Amino acid sequence: MGKDFLETPVEYLKGVGPKRAELLNAELNIHTFGDFLSYYPFRYIDRSRIYKVSEIEPDLAYVQLKGTISNIRIIGEKRARRMSAFFRDETGEIELVWFQGIKWVEGTILPNVEYVVFGKPTVFNRRYNIAHPEIERVEDFSKNITQTLQGIYSTTEKLKNRGLNNKNLVKLLKELIVQSQGKIHETLSDEILGRLNLMNREEALRNIHFPDDQAKLQKAQARLKFEELFFIQLSLLNDKLFRQQKISGFLFSTVGEKVNRFYKEKLPFELTDAQKRVIKEIRKDLGAGKQMNRLLQGDVGSGKTLVALMSMLIAMDNGYQSCLMAPTEILANQHLVTLTRMTEGLDIRIGLLTGSTPAARRKELHAGLQSGEVNILVGTHALIEDPVLFKNLGLVIIDEQHRFGVAQRAKMWSKSDNAPHILVMTATPIPRTLAMTLYGDLDISVIDQLPPGRKPVKTLLYNDAARLRIFGFLKQKIREGRQVYIVYPLIKESETLDLKHLMDGYESIVRDFPLPEYQVSIVHGKMRPADKDYEMQRFIKKQTQIMVSTTVIEVGVDVPNASVMVIENAERFGLSQLHQLRGRVGRGADQSYCLLMTGVKVSHEARKRLETMVETNDGFKIAEVDLQLRGPGDLQGTRQSGILDLKIADLIRDEKILKYARNLASDILHEDPSLALEKNRPLARQLAVMKKDFVNWSLIS
Ligand code: ADP
Ligand code: MG
């Protein structure tokens with residue numbers, strides 16, 4: 001087979017050339033004909049629709065009007081020099097303006113002739129105008145508009161400056177579509193095309209750019225969405241299958257002394273049913289001789305640490321070491337403390353490795369890990385950067401809390417000759433569709449139950465006017481013996497100012513709580529780790545009653561006696577972040593409160609976030625709303641994944657297609673694991689094309 005037409009560099013398309021090609025590369029990531037063909041319109045306009053001037057609204061992207069043009073004149077000086085004209089129909093009038101091509105306009109437009117005018121209305125001086133409209137005489141318009149649905153492409157300032165505006169992109173694509181006739185391979189099998197009654201690929205690509213009509217456009221969209229989601233699933237499931245067949249995992253065949261003694265002597269409470277179920281699922285993986293790759297989802301406070309610990313004890317009973325990776329030092333420290341406390345007397349050596357572990361200690365630790373003396377290593381991702389070698393690492397647990405990227409996970413492989421079992425724990429529930437895509441090659445366990453006796457946190461929304469009342473409330477709670485978090489936003493872009501707000505807040509609290517028995521801790525990211533830890537410890541030991549901090553306490557910190565959280569400028573936090581923060585309270589038996597403080601002016605989207613927080617404690621619901629508000633590309637931790645650069649499918653709206661695609665991919669691989677059957681040839685070929693472009697998922701946990 002010759003070189004695929006779709007791989008031709010975009011430079012060679014008539015009208016592009018090397019300079020524009022470079023721009024298309026840089027601005028839109030379009031390198032080849034294939035890339036260009038899959039640069040789809042972001043919307044369509046209906047050129048058969050004529051609007052009235054009176055119907056123009058600010059959020060209309062484009063309007064098309066019919067009427068006459070008068071009063072053409074040049075106004076303004078120098079850079080503001082422009083040509084202006086009035087356009088009028090029977091319902092009103094608007095201004096048309098040109099900054100360039102004035103000569104042409106002057107010579108072409110005649111009074112008292114009916115024109116169709118097309119362009120984007122903008123508001124200037126509280127009146128609508130259209131800059132650089134497309135203008136045609138009515139009779140030409142009816143002749144020329146053969147295609148009523150037209151795609152609109154997003155473009156960038158840079159591209160527009162070099163003449164690659166929407167209109168010219170359309171021109172180029174028209175040329176490309178003509179050239180590509182007969183040269184676009186089908187990627188789906190006849191069987192799938194037939195079963196789902198899908199449009200073929202060439203026709204779909206033509207219609208997505210230049211739809212014959214609404215029905216064809218819909219069929220084209222359906223086909224391309226399906227194709228996109230189907231191949232992601234096929235690829236993920238194919239990798240999973242490959243791993244299951246080719247990579248043998250360490251066999252943890254027994255459940256021995258450590259697990260049993262822990263269970264009988266140490267476990268301070270009854271496991272929840274959900275914890276039991278998940279541990280069973282993990283045990284089944286570990287005992288099967290295959291390598292485990294499991295995602296454990298469980299809301300904040302659902303008791304994932306215990307599941308992690310029991311899994312590590314199973315590893316130990318089978319003679320293997322484990323490591324537990326946390327996203328921050330504070331959390332790593334806390335894991336160390338928790339694990340050490342829970343396993344006291346069981347003769348288990350637990351090491352800690354973070355960025356601030358001193359060199360001498362580090363050396364000692366390395367030796368202990370290599371000799372096998374250290375059984376469990378807790379750490380931050382210093383643990384992957386560091387050249388640690390284990391004697392026999394059998395299990396890696398990543399307390400992901402949405403901060404570990406796919407690439408970081410992949411590095412864990414280099415720590416061991418054989419692939420260790422991998423358990424990824426996430427505290428931000430991930431909407432199903434996202435999980436299927438982002439973690440589609442992992443098996444999934446869910447802890448969908450909180451330990452008994454927890455009262456749902458009461459969440460209330462306040463603005464500044466309520467501050468005095470809230471201070472009174474905090475005092476009362478502290479008198480009752482509770483502790484309080486006060487959290488301030490701190491983001492990079494406004495770091496200095498944010499830090500000042502935090503310090504001001506701290507000072508005013510110190511001032512307003514003048515009773516000697518009240519002490520205040522402060523923790524923020526700019527402090528030295530040792531100071532941070534000191535302040536944390538004071539709070540944990542109840543030496544302080546109030547913890548003023550930034551989101552560094554977001555992850556994992558566990559102080560059951562803290563029952564009130566005040567979140568300042570709550571409108572500035574993301575939804576999943578708010579949910580994570582709120583998870584710090586409600587851990588003890590007392591009724592807990594989360595008080596969201598906001599300014600008076602809050603954007604519509606922020607209001608929706610805050611209302612969602614007030615309405616529900618259910619992390620999965622919150623995750624769904626988050627996905628709807630922000631779209632998958634923006635969710636924390638998903639950006640670097642690449643897999644979510646979807647070109648046409650939408651994980652919210654196309655959930656049904658996604659599920660169908662996944663099931664179908666699974667059925668096909670079940671019947672034909674290596675895609676060797678004649679009918680599946682196109683699938684195998686397309687998969688190979690994808691593998692060339694994508695991360696090698698089979699090497700990633
Ligand atoms: P997360 O899932 O957020 O990591 P943790 O593992 O920190 O949650 O657990 C939250 C709290 O719940 C801890 O104080 C832990 O000791 C407690 N806990 C965990 N499992 C149970 C249980 N089955 N019954 C009672 N308390 C539990
Ligand atoms: Mg945790």
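Each ligand, and each atom within it, is numbered from 1 in the order the structure gives. Predicted model, so just to flag it, every value in this text is computed and none were measured. FYI, side chains are in, hydrogens and waters are out, and symmetry mates aren't considered; it's all heavy atoms of this structure.
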May I ask you to identify, for Arg454, whether its side chain, its backbone, both or neither come under 4.0 Å of ligand 1 on a heavy-atom basis?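 Side chain only.
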
A quick test of your reading: do over 12 heavy atoms of other residues, nucleotides or ligands sit less than 6.0 Å from NZ of Lys266?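 For Lys266, atom NZ is crowded (more than 12 foreign heavy atoms under 6.0 Å).
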
Atom indices of ligand 1 within 4.0 angstrom of [X] heavy atoms, with elements:
{"X": "Arg587", "answer": "3 (O), 7 (O), 10 (C)"}
{"X": "Thr272", "answer": "23 (N)"}
{"X": "Glu270", "answer": "22 (C), 23 (N), 24 (N)"}
{"X": "Asp299", "answer": "2 (O)"}
{"X": "Leu271", "answer": "23 (N)"}

Checking the N or O distance criterion of under 3.5 Å, is ligand 1 in contact with Gly298?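 It does not: no N or O of Gly298 is found under 3.5 Å from an N or O of ligand 1.
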
Report yes if some N/O of Gly303 lies less than 3.5 Å from some N/O of ligand 1; otherwise report no.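 For ligand 1, there is an N or O atom that lies under 3.5 Å from one belonging to Gly303.
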
Do the side-chain N and O atoms of Asp273 and Gln275 include a donor-acceptor pair separated by under 3.5 angstrom?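 No, because no side-chain N or O of Asp273 sits under 3.5 Å from a partner of the opposite role on Gln275.
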
If only side-chain N and O atoms count, and only distance matters, is there a donor-acceptor pair under 3.5 Å linking Ser445 with Arg294?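 Side chains of Arg294 and Ser445: pair found under 3.5 Å.
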
Once you measure the plane-to-plane angle for Tyr485 and Phe539, does it fall in the parallel (<30°), tilted (30-60°) or perpendicular (>60°) bin?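 Tyr485 vs Phe539 ring planes: tilted.
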
When the ring centroid of Tyr320 is compared with that of Phe390, is the distance short of 6.0 Å?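 No, the ring centres sit 6.0 Å or more apart.
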
Basic-acidic side-chain contact under 4.0 Å: Asp531, Lys526: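 The answer is no: the pair does not qualify as a salt bridge.
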
